[in-house]
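Just so you know, residue 1 is the first one in the sequence shown, and it goes up from there. Order of appearance sets the numbers: ligands from 1, and atoms from 1 within every ligand.
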Amino acid sequence: MRTDFHHILVQQEERVVTITMNRPEVLNAFNDLMLEELTLALEEAAREESVRCVVVTGAGRAFGAGQDLTNFVAPQKTADDGETAKISVHLEKYHRVVQLMRNMPKPVIAAVRGVAAGISCNIALACDIRIAADNARFIEAFARIGLIPDGGGGYLLPRLIGLGRALDMSLLTDEVSGPEAERIGLVTKCVPVAEFEGAVAALAKRLADGPTRSYGLIKELLYKSMDLSFQESLALEGQLQDSARATADHKEGVNAFLQKRPARYTGK
Ligand code: LHQ
């Protein structure tokens with residue numbers, strides 16, 4: 001994996017790659033370069049066969065504070081024709097990020113310590129599994145500045161925590177703590193901050209040692225089924241199970257069971 005970035009850190013340890021958003025002086029708020037670098041790292045992690053689990057996290061005391069607002073004070077004029085640039089054009093870059101995470105053929109973990117606000121919060125929502133430290137603060141901050149949840153938040157948030165709570169978080173923009181996030185299903189696990197790094201590493205290792213092809217197919221089945229009828233989901237399930245059945249890891253899993261030993265998955 002490439003590691004020479006300005007605003008992200010990329011570290012690979014065995015089969016786990018950790019991508020750390022790294023602008024701690026602004027709580028890892030996104031500028032264009034950090035957004036571009038995150039995109040490049042996710043693209044490479046998707047391609048790289050030695051990577052079998054991706055962790056996305058933030059440096060310092062935050063996960064991320066959303067879009068860097070220093071250049072978003074007023075609607076921007078494009079350099080060439082003076083037209084007001086549409087925010088939707090800029091948003092396409094974030095859409096690429098959330099789609100990369102969902103389509104990643106391996107698990108993606110959001111490891112959230114401290115604040116996750118605005119688009120940073122919604123990037124965490126697009127990960128497969130969210131683990132929080134007990135000092136986490138989730139804020140759908142958009143309405144605080146007169147905007148609406150973006151980066152897929154309008155789709156993902158109600159599906160994760162239900163429409164009522166999603167409206168509450170989005171309209172009132174109150175902080176949701178790590179323990180509360182666990183209680184309402186916004187994260188699957190909340191741990192004391194002192195145990196956070198160990199818990200993230202253990203979770204990532206467990207997933208990285210698993211049947212990666214099967215994990216990719218599970219993601220495809222669950223994510224696509226959100227938009228399918230039951231009948232359509234059953235049809236998709238058949239196709240995907242045929243693919244899973246053809247993997248070396250399926251064979252290994254069955255053999256390991258019959259031989260009463262732990263499975264050694266290769267991700268193939
Ligand atoms: C920041 C930021 C920040 C710059 C903290 N920018 N400096 C919008 C537009 C376009 C396309 C994509 O989508 C979006 C969606 C969005 O993401 S909208 C939401 C944008 N984010 C926010 O509205 C959050 C703004 N930040 C805050 O409300 C607070 O900083 C939070 C609640 C995140 C954290 O509060 P504290 O823990 O009290 O920290 P702090 O406010 O003291 O921040 C520390 C520093 O970070 C501070 O700089 P300073 O020089 O005073 O130490 C902040 O100015 C800076 N910072 N967020 N988004």
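- Contact annotation: the side chain of V187 never approaches that of I131 to less than 4.5 Å [non-hydrogen atoms, C-beta and beyond].
- The nearest protein heavy atom to atom 7 (N) of ligand 1 is closer than 4.0 Å.
- In this structure a side-chain-to-backbone donor-acceptor pair under 3.5 Å is missing from E37 to F5.
- Under the 4.5 Å side-chain heavy-atom criterion for ILVMFWY residues, no single connected hydrophobic cluster contains both V56 and V200.
- Distance from atom 33 (C) of ligand 1 to its nearest protein heavy atom, with residue and atom name: V115 CG2, 3.8 Å.
- Proximity of atom 53 (C) of ligand 1 to the protein is not indicated, since no non-hydrogen protein atom lies closer than 4.0 angstrom.
- Contact annotation for atom 26 (N) of ligand 1: protein absent (non-hydrogen atoms, distance under 4.0 Å).
- Here the heavy atom of the protein found nearest to atom 41 (O) of ligand 1 is L27 CD1, 4.9 Å.
- Between the side chains of Q12 and S50, a donor-acceptor pair is found at a separation under 3.5 Å.
- In terms of N/O distances under 3.5 Å, ligand 1 is approached by I119.
- For atom 4 (C) of ligand 1, the nearest non-hydrogen atom of the protein is D68 OD1, 3.3 Å.
- The main-chain N or O of R264 is found under 3.5 Å from a side-chain atom of E252 such that the two form a donor-acceptor pair.
- Near G66, meaning under 4.0 Å from any of its heavy atoms, are these atoms of ligand 1: 17 (O).
- Nearest residue to atom 45 (C) of ligand 1 from E25, R61, E175 is E25 (criterion: closest heavy atom).
- Looking from atom 28 (O) of ligand 1 to the surrounding protein, the closest heavy atom is R144 NH1, 4.2 Å.
- Ion pairing of R183 with E180 is present here, as a side-chain N (NZ or NE/NH1/NH2) and a carboxylate O approach within less than 4.0 Å.
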Name each donor-acceptor pair under 3.5 Å that joins a side chain in residues 97-117 to protein atoms two or more places apart or in another chain, with its distance.
{"from": "N103", "atom 1": "ND2", "to": "Q99", "atom 2": "O", "distance (Å)": "3.3"}
{"from": "K106", "atom 1": "NZ", "to": "A45", "atom 2": "O", "distance (Å)": "2.6"}
{"from": "K106", "atom 1": "NZ", "to": "A46", "atom 2": "O", "distance (Å)": "3.3"}
{"from": "K106", "atom 1": "NZ", "to": "E48", "atom 2": "O", "distance (Å)": "2.9"}
{"from": "K106", "atom 1": "NZ", "to": "V51", "atom 2": "O", "distance (Å)": "3.0"}
{"from": "R113", "atom 1": "NH1", "to": "E197", "atom 2": "OE2", "distance (Å)": "3.2"}

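- Panel note: side chain N122, backbone L125; no donor-acceptor pair is recorded below 3.5 Å.
- Between the side chains of T39 and R96, not a single donor N or O lies within less than 3.5 Å of an accepting N or O.
- Atom 15 (C) of ligand 1 has F142 CE2, 3.2 Å as its closest protein atom, hydrogens excluded (heavy atom only).
- Remark: atom 47 (C) of ligand 1 lies closer than 4.0 Å to no protein heavy atom.
- Considering only non-hydrogen protein atoms, atom 58 (N) of ligand 1 sits nearest to Q67 O, 2.9 Å.
- Distance screen at 4.0 Å: atom 17 (O) of ligand 1 has a protein heavy-atom neighbour inside the cut-off.
- Here is the list of ligand 1 atoms found below 4.0 Å of a heavy atom in H90: 10 (C), 11 (C).
- Between atom 14 (C) of ligand 1 and the options I148, L69, V26, D150, the minimum heavy-atom separation is to D150.
- Taking 4.5 Å as the limit, some side-chain heavy atom of R130 sits within range of a side-chain heavy atom of L160.
- Only the side chain of Y94 comes within 4.0 Å of ligand 1, counting heavy atoms alone; its backbone N, CA, C and O stay farther away.
- In this structure, atom 39 (O) of ligand 1 is in close contact with the protein, since a protein heavy atom lies within 4.0 Å of it.
- Side-chain atoms of D134 do not come within 3.5 Å of backbone N or O of P179 as any donor-acceptor pair.
- When each atom of ligand 1 is checked for a heavy atom of I139 under 4.0 Å away, the hits are 32 (C).
- Protein heavy atoms come within 4.0 Å of atom 11 (C) of ligand 1.
- Among all protein heavy atoms, the one lying closest to atom 35 (O) of ligand 1 is R137 NH2, 3.8 Å.
- At a cut-off of 3.5 Å, with distance as the only test, a side-chain donor of Y155 or D227 sits close to an acceptor on the other residue.
- Taking every non-hydrogen atom of I145 and a distance limit under 4.0 Å, the qualifying atoms of ligand 1 come out as 18 (S).
- Rounding to the nearest 0.5 Å places CD of E92 at 12.0 Å from CD1 of I87.
- Close approach to A29 involves these atoms of ligand 1, each under 4.0 Å from a residue heavy atom: 3 (C), 6 (N), 58 (N).
- Looking only at atom types and distance, the side chain of N22 has no donor-acceptor partner in the side chain of T20 under 3.5 Å away.
- In this structure the side chain of S120 reaches within 4.5 angstrom of the side chain of F30, judged on heavy atoms.
- Residue L147 has at least one heavy-atom neighbour below 4.0 Å for each of these atoms of ligand 1: 8 (C).
- Among protein heavy atoms, the minimum distance from atom 19 (C) of ligand 1 is reached at G118 CA, 3.9 Å.
- For atom 20 (C) of ligand 1, the choice among A141, A65, A117 with the nearest heavy atom turns out to be A65.
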